[in-house]
Number of protein chains: 2
Amino acid sequence: MWDNSRNIRVIIVDDHPLVIEGIKNVIQGNDGLELVGQFGSAKALSDCLGMIEVDLVLLDITLPDGNGISICKELKKSYPDLVIIALSNLSERSIIKQMLQSGASGYLLKTADPCDILNCMQDALNGKITLSSELKENFDMAVLSEPEEIPELTIREKQILQLLAAGKTSAEIAADLFISPLTVKTHRATLLHKFETGNILTAVNKARESGIIPR
Amino acid sequence: MWDNSRNIRVIIVDDHPLVIEGIKNVIQGNDGLELVGQFGSAKALSDCLGMIEVDLVLLDITLPDGNGISICKELKKSYPDLVIIALSNLSERSIIKQMLQSGASGYLLKTADPCDILNCMQDALNGKITLSSELKENFDMAVLSEPEEIPELTIREKQILQLLAAGKTSAEIAADLFISPLTVKTHRATLLHKFETGNILTAVNKARESGIIPR
DNA sequence: TCAAAAATACTCCTTAAGGAGTATTGCTCC
DNA sequence: GGAGCAATACTCCTTAAGGAGTATTTTTGA
């Protein structure tokens, strides 16, 4: 099944010990695969990478200390040959797109079964871009390969969007930030433009979908 | 550590094979515990319960075919002595409250480590109500024991709330449902009353928090 | 240091949402 | 079969949000 010359060295990064235990079971039951590291945070990973030889990283994208998209980008910059497979509960189109465009070779849902996981790992090592089977049914690979148009927000805009998402009115936000309600109106209008919509709730939904603001 | 007279019979219900593998590892490494069943859906569980003897159920609350709160209530009605521990990624106060008030003896985050999980299982079997340690730090048990005031919505109200949550305006909803925009206004007003707020975004946030509408 | 980008603040106007009622028609359950 | 709830629809009024501009002051990066 795997390249026989030597074991494939795998790392798992996930803040769920149960998932790590599960991956351990899956990998240890397979000749040709070797688990050479397990980390619960992005920091723990970056502290150790470079000190160990790795072929493939299974990367949870919701870690306590960073989002998977930027972690993936950085990993790929430092180690272009590293195969990264995202491991996540999230099945939003926008997130999957961003991960694949950040250099991930695959995207696995945590609902995937061990067999599915092994298949994806094999495909990824062979240079293919893969999804877990549940995702394959729901998403078109061609669509996922298109660049995702995510509006770029300034920090002030992000801040105001978060307050709006919390259900605050323009007046309340103005009071919170010690600025004129009219300024808040301007930022709100910019947000509506950038998200190409006419109501804030839709903008908030879109922002949550693309990970701009937390859920 | 455990009652020595016989093994504690445990069942795991989770739609994530990886988590099941992880729990297997945790339980099999422990004398006194025995995994007597593993299920990926609420239906699979209810089909088999009654046919096997069980002491404790680890219950994922986000299953593909039902929500943990109602599953927990039903289990407790049929098997009052069964110890149920919720297992979830969600750490919303409202959800935890509802689970505990539905008869769960504990609430574990999936980020809990094996040791934490075993401790909670022991506490629960001893009649205590327990949380994983991360939750213990963030929530007051007294607060969690208070009944959660969740507004009861009619089906029409739920339907309209979902459309509002999707970012639709009253006019659009009226067109979708073939009713007068004024009727939508009435329902909207009722929703604001029931959620005790003055804006729909807050109502939507509260509804999502208490699981009334999906995220 | 200077131009671009970001943050601030405003006007004028339109539309949608929120607040507080009232009222009629169906169900449906005991 | 009638009380009660759900769903429907309305009025009148206030406030907040959205649309389309313009303009000044900071900040910041090249």
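To find a chain, count down the sequence lines: A is the first, B the second, and so on, and within it residues start at 1. Owing to the predicted nature of the structure, the values given are computational and were not obtained by experimental measurement.
A 4.5 Å side-chain heavy-atom check between B:I160 and B:R188 finds every atom pair outside the cut-off. Taking the side chain as every heavy atom from C-beta outward, A:M99 and A:I69 approach each other to under 4.5 Å. Residues B:Q159 and B:L177 are in side-chain contact: their nearest non-hydrogen atoms beyond the backbone lie under 4.5 Å apart. Side-chain contact check for A:F39 versus A:L59: every heavy-atom pair is 4.5 Å or farther apart.
For B:L182 and D:dC13, the CG to C1' distance is 14 Å, given to the nearest whole Å. For the pair A:Q159 CD and C:dT8 C1', the computed distance is 14 Å after rounding to whole Å. Atom CD of B:E157 is separated from atom C1' of D:dA7 by 9 Å (rounded to the nearest Å). If you measure from atom CG of A:L153 to atom P of C:dA6, you get 11 Å, rounded to the nearest angstrom. Counting to the nearest Å, the C1' atom of D:dA16 and the CD atom of A:E172 are 11 Å from each other. Straight-line distance from the CD1 atom of B:I173 to the P atom of D:dA7: 15 Å, rounded to whole Å. In this structure, CG of B:L177 is placed 8 Å from P of D:dT8, rounded to the nearest angstrom. As rounded to whole Å, 13 Å separates atom P of D:dA7 from atom CG of B:L161.
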Name each donor-acceptor pair under 3.5 Å that joins a side chain in residues 12-22 of chain B to protein atoms two or more places apart or in another chain, with its distance.
{"residue": "B:D14", "atom": "OD1", "partner": "B:H16", "partner atom": "N", "Å": "2.8"}
{"residue": "B:D14", "atom": "OD1", "partner": "B:H16", "partner atom": "ND1", "Å": "2.8"}
{"residue": "B:D14", "atom": "OD2", "partner": "B:K110", "partner atom": "NZ", "Å": "3.0"}
{"residue": "B:H16", "atom": "NE2", "partner": "A:N89", "partner atom": "OD1", "Å": "2.9"}
{"residue": "B:E21", "atom": "OE1", "partner": "A:N25", "partner atom": "ND2", "Å": "3.0"}
{"residue": "B:E21", "atom": "OE2", "partner": "B:K24", "partner atom": "NZ", "Å": "3.4"}

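Under the salt bridge (charged side-chain N to carboxylate O under 4.0 Å, His left out) criterion, A:K43 pairs with A:D47, not counting sequence neighbours. Applying the side-chain contact (heavy atoms from CB on, under 4.5 Å) rule to A:N126 yields the partners A:Q122; only residues at least two apart in sequence or on another chain are considered. Every side-chain contact (heavy atoms from CB on, under 4.5 Å) that B:D140 has, sequence neighbours left out, goes to B:A142, B:V143.
A:I179 comes within contact range of the sugar-phosphate backbone alone, with a heavy-atom separation under 4.0 Å but no base atom that close.
Within residues 183-215 of chain B, the residues having any heavy atom under 4.0 Å from DNA chain D are, by residue number, B:T183, B:T186, B:H187.
Closest to the A:R156 side chain, of the nucleotides C:dT8, D:dA9, C:dA17, is C:dT8.
Separating the CD atom in B:E134 from the OG atom in B:S91 is a distance of 7.5 Å, to the nearest 0.5 Å.
Put simply, A:T154 has no side-chain N or O that comes within less than 4.0 Å of OP1 or OP2 on C:dA5. Regarding contacts with the backbone of D:dT8, every side-chain N or O of B:S180 stays at 4.0 angstrom or more from both OP1 and OP2.
Rounded to 10°, the helix from C:dT1-D:dA30 to C:dC30-D:dG1 has 60° between the axis fitted to its first five pairs and the one fitted to its last five.
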